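If you're wondering where the values come from, they're calculated on a predicted model, not measured in any experiment.
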Number of protein chains: 2
Amino acid sequence: MDILARLQAEHEQLSQAEKRIADILLNDFDFAVNASIVELAERAEVSPPTVTRFCRRMGCQNFADFKVQLAKTTFVGARYLNPEAKSTAPADVAEDIITKAQNALFLFHRSFDADLAQTVAHILSNAEMVYAFGSGGNSSLIAEELQNRLFRLGLRISACSDHGMQMMLAAAARQQDVVIGSSFSGRNEELVKVFTLAREAGATTVALTQGGSPVARSADHVIPVDMPEGNNIFRPTSTRFAYLALVDILANLTAYQDKTRATVTLRQIKQQLVAYRDEDDRQLLGD
Amino acid sequence: MDILARLQAEHEQLSQAEKRIADILLNDFDFAVNASIVELAERAEVSPPTVTRFCRRMGCQNFADFKVQLAKTTFVGARYLNPEAKSTAPADVAEDIITKAQNALFLFHRSFDADLAQTVAHILSNAEMVYAFGSGGNSSLIAEELQNRLFRLGLRISACSDHGMQMMLAAAARQQDVVIGSSFSGRNEELVKVFTLAREAGATTVALTQGGSPVARSADHVIPVDMPEGNNIFRPTSTRFAYLALVDILANLTAYQDKTRATVTLRQIKQQLVAYRDEDDRQLLGD
DNA sequence: AATCTATAAAGAAAATTTTTTGCACCAACT
DNA sequence: AGTTGGTGCAAAAAATTTTCTTTATAGATT
């Protein structure tokens with residue numbers, strides 16, 4: 001747990017003086033990161049020892065450790081505290097987007113359950129056929145991306161963002177098939193129906209969605225992607241980065257489940273590209 | 001310019017003792033970030049004053065400032081220096097992917113040219129019709145994403161990843177049309193042909209690709225995305241994250257070019273979603 | 001209601017640690 | 001031989017932590 005999370009978690013239980021310190025951290029991060037203990041104490045109108053005690057309370061060994069922890073979270077965390085970008089100047093817009101993307105990745109990683117992902121990778125690897133479903137622009141992107149990443153490993157996979165087709169495919173699914181679906185909001189009722197249908201057909205269902213949501217409840221396995229503080233701070237656009245990372249992770253873990261198959265398939269694809277395009281073997285696997 | 005970049009840039013001109021300090025930074029980042037000046041000096045077998053002087057040389061005011069700068073770059077930079085995480089344990093794979101994605105965003109941001117992006121946003125905003133082209137899995141994803149993001153702003157846009165269609169669309173393009181194409185490798189010869197054709201037809205061409213590559217040379221405007229790729233063939237290209245961020249930035253800047261149009265269109269889409277799905281207005285714009 | 005503990009919080013000053021500065025020395029190159 | 005740049009030692013300065021004391025607060029007791 002990083003300093004900022006801890007700060008927010010414990011904010012209520014802080015004393016008078018400690019709250020003043022916390023406020024400075026929250027309001028003028030840059031100052032706090034660069035200040036000495038005396039400067040920070042003066043600004044908060046407390047004594048240096050109080051700052052030291054505050055650092056201990058936040059789980060740090062000493063003030064130096066505290067500053068390091070703080071500085072580490074700056075890049076990803078600073079904007080999290082001051083959510084809205086004020087300017088529409090190109091450079092500011094870019095920074096805002098990059099930072100929010102970084103944040104999404106950071107927060108996702110923090111809540112990521114490796115064992116769960118491993119389980120899903122195992123399921124994918126053993127599937128006879130995989131169906132990747134999603135719709136609405138963002139989730140359909142994820143579905144396609146699942147296909148794009150997993151077919152390279154030798155898996156049989158079909159992505160589909162058409163609800164009608166999804167229903168038919170789900171109905172036709174078999175025991176050893178896997179239906180993996182994504183929904184950013186977790187409220188895609190069509191996907192719930194598809195999952196239900198697929199389960200009735202005996203297939204295994206996996207949801208990439210908000211934990212505890214209707215979609216999450218309707219699947220056998222759920223990898224939750226929860227951006228804390230609700231959806232307000234993050235536009236769906238930054239959440240996409242988290243989902244994309246999740247797809248990459250799943251693809252990697254799946255590849256390691258059956259290295260031979262993955263290597264062979266990748267080599268086949270690569271040979272095709274080299275023969276067809278040029279002989280530079282650093283050529284990317286797919287443009 | 002951050003500490004690590006500076007470190008690598010000046011590494012050659014460093015003295016004996018300073019090189020030893022630099023080596024510790026590069027090899028045992030964690031230690032360096034947490035160490036006191038004396039500990040760092042001992043480990044490098046130099047005197048504390050030498051460390052102080054080293055910090056100054058790296059553009060910092062003092063040791064404390066140096067440590068803060070260092071810590072700031074940790075999250076995005078640490079793994080960049082120790083390239084390959086060897087383990088295939090789920091948690092390590094996840095961390096590796098997340099960190100590489102963070103890095104890609106970081107490196108992209110560092111070399112990002114805001115004015116250029118603004119120019120392209122202007123061009124997109126004034127286009128009669130936009131064609132987004134890409135192929136090969138990754139670039140086609142970007143093309144679709146361009147469509148997904150820009151249609152919401154009221155732009156007329158069509159994404160296409162089929163070379164045959166791309167050629168025909170390019171041939172049919174007009175003066176006020178824009179053809180925007182992406183190629184991660186910069187070696188997509190088909191895209192070069194498409195751009196050439198589009199320019200002959202009088203349309204404006206924009207490439208999102210590796211700077212200086214054939215594709216880059218064939219377009220009117222280029223937003224370069226240059227990224228060192230890891231060489232683990234199982235690792236999906238983290239470059240995608242940079243491209244995705246670029247799409248977001250372009251979409252945002254384009255939205256600001258004509259706020260009214262963007263707002264009106266977004267409201268229309270939102271109303272449809274609310275009416276059709278549920279009344280929770282935190283519902284994401286597209287699942 | 002007033003007063004008395006017990007306990008926690010906060011500051012002052014001292015002690016300690018850490019960092020920087022000034023100076024001297026050494027090695028390499030002119 | 002002289003100069004320059006690099007380095008370490010020791011002392012000074014600065015920053016941080018510890019110890020000790022005071023102050024505030026809540027609950028208990030008269």
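Judged purely by atom type and a 3.5 angstrom limit, B:Glu39 uses its side chain to pair as donor or acceptor with the backbone of B:Ser36. Side chain of A:Asp65 to main chain of A:Gln61: a donor-acceptor pair is present (N/O by atom type, distance under 3.5 Å, no hydrogens or angles). A donor-acceptor pair under 3.5 Å is absent between the side-chain atoms of A:Thr209 and the main chain of A:Phe184, judged by distance alone. Without hydrogens or angle criteria, A:Arg187 side chain to A:Pro214 main chain gives no donor-acceptor distance under 3.5 Å. Using modelled atom types, one side-chain atom of B:Asn34 and one backbone atom of B:Asp30 make a donor-acceptor pair closer than 3.5 Å. Listed for the B:Lys67 side chain is no donor-acceptor partner under 3.5 Å among the backbone atoms of A:Ala64.
To the nearest angstrom, P of C:dG11 lies 11 Å from CD of A:Gln16. Taking atom CZ of A:Phe54 as the reference point, atom C1' of C:dA9 lies 15 Å away to the nearest angstrom. One atom, CZ of A:Phe63, and another, P of C:dT19, lie 13 Å apart when rounded to the nearest Å. Taking atom CD1 on A:Ile37 and atom P on C:dA12, their separation rounds to 15 Å, with Å as the unit. Atom pair A:Gln61:CD and C:dT17:P shows a separation of 15 Å (rounding to whole Å applied).
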Item to complete: Apply salt bridge (Lys or Arg N to Asp or Glu O under 4.0 Å) to A:Glu145 and B:Arg240, showing your working.
Response: CA-CA 11 Å; A:Glu145 196 52 18; B:Arg240 271 155 54 238; 2.8 Å; yes

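Heavy atoms of A:Arg57 sit nowhere under 4.0 angstrom from any nucleic acid atom. Contact annotation for B:Arg56: backbone-only contact, meaning every heavy-atom pair under 4.0 Å involves sugar-phosphate atoms and none involves a base.
Distances shown here put every side-chain N or O of A:Ser15 at or beyond 4.0 Å from the OP1 or OP2 atom of C:dA8.
Taking for each of B:Gln13 and B:Pro49 the nucleotide of DNA chain D with the nearest heavy atom, the 5'-most of the two is the partner of B:Gln13.
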Worksheet entry | Letter per nucleotide, 5' to 3', of nucleotides 24-30 of chain C [B base touched, S only sugar-phosphate touched, - untouched; heavy atoms, 4.0 Å] | -------

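In terms of heavy atoms, A:Pro90 sits closest to B:Leu253 at CA-CD2, 3.7 Å.
Note that the CD1 atom of A:Ile142 and the OH atom of A:Tyr243 stand 8.0 Å from one another [nearest 0.5 Å]. A distance of 11.5 Å separates CG of A:Leu40 from CZ of A:Arg20, quoted to the nearest 0.5 Å.
Along DNA chain D, read 5' to 3', the first and last nucleotides having any atom under 4.0 Å from a heavy atom of chain A are D:dT16 to D:dT18.
Ring pair A:Phe54/A:Phe66 is perpendicular by interplanar angle, where above 60° counts as perpendicular and below 30° as parallel.
Of the residues in residues 39-46 of chain A, not one comes within less than 4.0 Å of DNA chain D through any heavy atom.
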